[in-house]
Visitor: 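Quick one: this structure, given as structure tokens, is what I'll be asking you about.
Ligands are counted one by one from 1 in listed order, and the atoms in each one are counted from 1 as well.
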Amino acid sequence: MMIAITRDVSASLADCQLSFVDRDAIDIERAAAQHHAYRQALESLGCRVLSLPAQDAMPDAVFVEDVALVFDEIAIMTRPGAESRRAEGASVSEVLARYRSLRAIEASGTIDGGDVLRVGRTIHVGQSARSNADGIQQLRALVAEFGYTVQGVPTHECLHLKSAVTQVADDTLLIQPEWVDRDVFAGYRLIEIDPDEPHAANALRIGSGVVYPACFPRTRQRMADAGIDVTAVDLSELQKAEGATTCCSLVFRDFSTA
Ligand code: GLY
């Protein structure tokens with residue numbers, strides 16, 4: 001059984017942090033409806049979805065991915081790079097503590113979960129404005145005993161590493177080569193996004209398929225051609241807040257039901 005931790009959309013989402021996206025009006029009711037459909041998609045793919053109540057004083061709190069890293073062995077509470085987001089983790093840690101032993105990134109380290117891409121025993125971490133060298137070094141020390149290798153990866157023109165590259169099958173990554181050096185990932189089969197869809201590299205892998213924004217049909221076709229099952233969801237309002245499919249959940253294995 002997979003667990004997916006999510007959090008309802010904050011009424012203040014329009015006041016979210018933005019780095020590489022221009023501010024545009026967000027329809028909160030529509031965002032909430034899209035988020036509901038997203039949760040249903042996770043359930044349809046076999047996840048047990050846990051929904052935390054909205055934190056209206058924290059505009060970005062729907063993007064739960066950024067506040068924690070969940071591995072089979074432990075979970076690590078991050079210290080998000082944006083100061084406005086540092087209080088978001090408290091309620092998530094209360095839930096995660098039921099499933100994993102918890103560790104934490106300490107000041108002055110910063111890590112956003114959106115920068116952390118684990119593929120097998122390798123953890124790629126975006127060297128973005130949100131995740132600094134101290135945070136990456138702390139992560140390396142915390143996971144070394146479990147046999148993980150941590151590799152820093154420069155990113156540019158995007159918020160997080162997972163804006164630029166995500167895993168869509170065991171050996172396959174979906175990549176936006178203008179935002180991250182594809183040579184870093186030369187050992188994997190790579191699917192490039194369609195150049196007309198620059199924001200299309202963020203897919204959420206669940207089991208043998210992915211949850212994916214409906215607004216990128218060309219890249220979706222490239223994945224279908226590669227044999228990947230795609231469940232499309234409309235996330236237009238959350239995308240205006242510089243969030244996407246991976247950002248809205250923390251998905252991990254529940255060993256208590258294994
Ligand atoms: N709005 C998502 C973030 O900047 O953290």
Visitor: Hey, which atoms in ligand 1 end up nearer than 4.0 Å to a heavy atom of Gln17?
Guide: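 Heavy-atom distances to Gln17 below 4.0 Å select 1 (N), 2 (C), 3 (C), 4 (O).
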Visitor: With no hydrogens and no angle check, is any side-chain donor or acceptor of Tyr99 less than 3.5 Å from a backbone partner on Ser256?
Guide: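 Here the side-chain-to-backbone pair does not exist.
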Visitor: Check Arg140 against Val150 and note the closest heavy-atom contact, atom names and distance.
Guide: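 So the two residues come closest at NH2-O, 3.0 Å.
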Visitor: For ligand 1, is any non-hydrogen atom under 4.0 Å from Asp112's backbone (N, CA, C, O), its side chain (CB onward), both, or neither?
Guide: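 The answer is neither.
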Visitor: Quick check on contacts: which atoms of ligand 1 are under 4.0 angstrom from a heavy atom of Leu159?
Guide: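 So the answer, numbered in order with elements, is 3 (C), 4 (O).
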Visitor: Does any N/O atom on Leu18 come nearer than 3.5 Å to any N/O atom on ligand 1?
Guide: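 Among all N and O atoms of Leu18, none is under 3.5 Å from an N or O of ligand 1.
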Visitor: Do Gln221 and Arg218 have a side chain donor and acceptor closer than 3.5 Å?
Guide: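 No donor-acceptor contact under 3.5 Å links the two side chains.
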Visitor: Is any NZ, NE, NH1 or NH2 atom of the basic residue among Arg121 and Glu73 found under 4.0 Å from an Asp or Glu carboxylate oxygen of the other?
Guide: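 Yes.
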Visitor: Does a donor on one side chain and an acceptor on the other come within less than 3.5 Å for Ser163 and Gln176?
Guide: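 Checked: Ser163/Gln176 side chains show no N/O donor-acceptor pair below 3.5 Å.
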Visitor: Minimum distance, heavy atoms only, to atom 1 (N) of ligand 1: which one of Asp60, Asp15, Leu13 is it?
Guide: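 Closest candidate by heavy-atom distance is Asp60.
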Visitor: Name the option, out of Arg85, Arg130, Glu65, that contains the heavy atom nearest to atom 4 (O) of ligand 1.
Guide: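 Minimum heavy-atom distance to atom 4 (O) of ligand 1 goes to Arg130.
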Visitor: Flag the pair Arg189 and Asp170 as a salt bridge only when some basic side-chain nitrogen lies within less than 4.0 angstrom of an acidic carboxylate oxygen.
Guide: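 No salt bridge links Arg189 with Asp170.
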Visitor: Is there a polar contact between ligand 1 and His160, counting only N or O atoms under 3.5 Å apart?
Guide: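 No, no N or O pair falls under 3.5 Å.
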Visitor: Examine ligand 1 and decide if any of its atoms is less than 4.0 Å from a heavy atom belonging to Ala82.
Guide: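 No, that is not the case, since the closest heavy atom of the residue is not under 4.0 Å from the ligand.
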Visitor: Assess whether a salt bridge exists between Asp60 and Arg7, defined as any Lys/Arg side-chain N lying under 4.0 Å from an Asp/Glu carboxylate O.
Guide: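 Salt bridge between Asp60 and Arg7, a charged N being under 4.0 Å from a carboxylate O: no.
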Visitor: Give the atoms of ligand 1, by number and element, whose distance to some non-hydrogen atom of Ala241 is under 4.0 Å.
Guide: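 Listed by number with element: 1 (N), 2 (C).
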